[in-house]
Number of protein chains: 2
Amino acid sequence: MSATRPKTRRPTIYDVAKHAGVSPSLVSLVLQSPERVSDKRREAVQAAISELGYRPSRAATALASNRTKSIGLLIDDYRNLWFVDLLRGMESVLSDLGYHVMLADSRPGENRIKDATDGLLALHVDALVIAAEPSESMLDGTGVPTVVAGWRKGVPIGADLITNDDDGGGGMAANHLLGLGHTRIGHLSGADGASAHRRAGFRREIRAAGVELLIAESQGTSEEDGYAGASWLLERYPDITAIFAANDTMAMGAFAVLKARGLRVPSDVSVIGYDNSPLAKSRYLDLTSVDNRSDLVGIDVAHRLLARIEDPAIEPQKTLIEPVLVLRSTTARVTR
Amino acid sequence: MSATRPKTRRPTIYDVAKHAGVSPSLVSLVLQSPERVSDKRREAVQAAISELGYRPSRAATALASNRTKSIGLLIDDYRNLWFVDLLRGMESVLSDLGYHVMLADSRPGENRIKDATDGLLALHVDALVIAAEPSESMLDGTGVPTVVAGWRKGVPIGADLITNDDDGGGGMAANHLLGLGHTRIGHLSGADGASAHRRAGFRREIRAAGVELLIAESQGTSEEDGYAGASWLLERYPDITAIFAANDTMAMGAFAVLKARGLRVPSDVSVIGYDNSPLAKSRYLDLTSVDNRSDLVGIDVAHRLLARIEDPAIEPQKTLIEPVLVLRSTTARVTR
DNA sequence: GTGCTAAATTGTAGCGCTCCAAAATGCCAG
DNA sequence: CTGGCATTTTGGAGCGCTACAATTTAGCAC
């Protein structure tokens, strides 16, 4: 396959052209729209390409065409594993088309987001995926095709929005617990967008069932927040038999409280989380959780991106991806 | 700061040159080695740059200089959070120098690693960091400056190796438990490189203390492996009072076994993990763990990389980073 | 074979920057 | 003021590719 590459300069389209007996332009054309070239020449060029081990220079292509074939993905925090699924989903459709995804971690706080975005834009990405809170300055457009993933406070003008149906997922969690006979159900919620939607869905179904709403709302969605929320809930409503945490990490905080109070899961209290993270899948927790199918979000994001690169003027769309409930051992029929 | 950028073409060095009343070459020089330019011109050029909002085109720079100012980072699996610290460490030194790190996930299995590497090399990265098992084909050199991070089966010719002192860390864990009076200490180990070193360090200290070695070695290092290993250990040596898991995930598997057997942590059995992952830090587990300081590895990797880009011929080096023991609530003085 | 149109192929001018040799300038001793 | 040398600045030739106009070739009806 790859010949020896000691000091021999990497081959260019000129080398390929000479080898195949055609003009450099034709080689370029074969690379871009092979269907426009006659069978005979196309085959000759492709043979020359593989014989010489030719690889186009991205830099030259980018310079000449003003397109980098790369997509910027802006995330809040690498530790948030949901981005892995998002990324995988995106790459599953983009990499075959020659696109490369570049990550930038904007870490919450000040203008790190702006910096990260600038960094990404400096790389001249063809499009931008925002999986973080957009900064003020980007709300009036980023200058490149943009898709927002997840619930955010604002969406830049002209950008698409693709997100999970957290509202529906919250409803699923509520209905699951209601279906198991629970009527004293506490909910640990955070202040961010996804939490708000999960809470709204939860509230809707709980109310529809004529059951009392028991909600602890905290600033963040960390394990610590879950711990504090669960403490407060159990202090105030000791008869709680089930807890719906806005994510798996908060559920872990709840576990810590339950353990401290000597309450057993699920015999005394059922617990359901959200995200279907590795934590939930672990044998120790084996947590029932709502999977928001971020991989599907990634796939959808990629398709939307491609459409928008093709025609930047298309009408921005808003898409919801349906979550799925994953049953495990932390929820059971009510016994009290 | 950034002027309106409606339809106006991005400024080039020619625009900057005209604006500052110098030649384009001088602008280029200011960008590369400002110290070689007279104060007067340098200031004029810099003023013009910020006035016009000029940003160099990476594509053009790459094409003309044959350097992309980007580093490829090849990892096994995005879910392995240690790469986050590695990446952060690397970026803390590289981004100020204008380098951009590109990630490629090679996922274990067949030639995915080769594909990922090819993809990275196709992007013409200036250097490569391998934080995954290298494929056969790269062992005789990758063609670019290369640094290997972590323990691997093989290291490409001419590549540096920077890794954690897992041997020392294993010893730390052993000595911590011995110091608490434990003499029946089980160790959950895996088959990979890091595990082998942690095990070796553990073994050395345990032997030095004249205590019996109780080791369960499994194929992988997953929670499931930890579960199986801990089951086997406790079945065979019911008098065990402490467990050292080769990583935090395996420790979680051990927790599951202990819970099932009604054993309390740390009153009945002390548990110590490795990696100081978010899991260990969580309030629910609050796991004593060895932190291998992957951020320091990242910083060191970056420095080595820069040195090797500077002069590819320098002698390959091997560096060990010292870990640190983080005490939490899962280890206590022996009571049985 | 001729004339015409459509399809296939080629020539050429950049894209925005770096690099290096050549030219211009500055500085100092004599 | 001059020559000689170091320092600063400039001109211009690429880097490898694309885009588009210009040219050649193919295909077909008459």
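Every chain is numbered from 1 and lettered A, B, ... according to where its sequence line falls, protein lines coming before strand lines.
Every residue meeting the salt bridge (charged side-chain N to carboxylate O under 4.0 Å, His left out) condition with D15(B), not counting sequence neighbours, appears here in chain and number order: R9(B). Not counting sequence neighbours, the partners of D295(B) by the salt bridge (charged side-chain N to carboxylate O under 4.0 Å, His left out) test are R293(B).
Boundaries of the chain A contact region on DNA chain D are dG16(D) to dA19(D), first to last in 5' to 3' order (nucleotide atom under 4.0 Å from a heavy atom).
The number of heavy-atom neighbours closer than 6.0 Å to NZ of K69(A), taken from other residues, nucleotides and ligands shown, is above 12. When the shell of 6.0 Å around CD of E35(A) is examined, it contains more than 12 heavy atoms from other residues, nucleotides or ligands.
Among the candidates P24(B), S57(B), P56(B), the single residue satisfying the side-chain contact (heavy atoms from CB on, under 4.5 Å) test with I13(B) is P24(B). A side-chain contact (heavy atoms from CB on, under 4.5 Å) with V301(A) is found for exactly one of L306(A), V148(A), V129(A), namely V129(A).
Listed by first and then second residue, the ring pair (Phe, Tyr, Trp, His ring centres under 6.0 Å) pairs that reach into residues 128-158 of chain A are W151(A)-H197(A), sequence neighbours excluded.
Between R152(A) and D192(A) there is no salt bridge, since no side-chain N of the basic residue sits under 4.0 Å from a carboxylate O of the acidic one. The pair R88(B)-D85(B) fails the salt-bridge criterion, with no side-chain N (NZ, NE, NH1 or NH2) lying under 4.0 Å from an Asp/Glu carboxylate O.
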* **Nucleotide-resolved protein contact map, nucleotides 12-21 of chain C, B/S/- at heavy-atom distance under 4.0 Å** => B-BBBBBB--

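Within residues 33-48 of chain A, the residues having any heavy atom closer than 4.0 Å to DNA chain C are, in order of number, R36(A), V37(A), S38(A), R41(A).
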* To do: Let me see the working for R308(A) and D160(A) under salt bridge (charged side-chain N to carboxylate O under 4.0 Å, His left out), right down to the final yes or no.
  => CA-CA 9 Å; R308(A) 189 161 288 285; D160(A) 298 285; 2.6 Å; yes

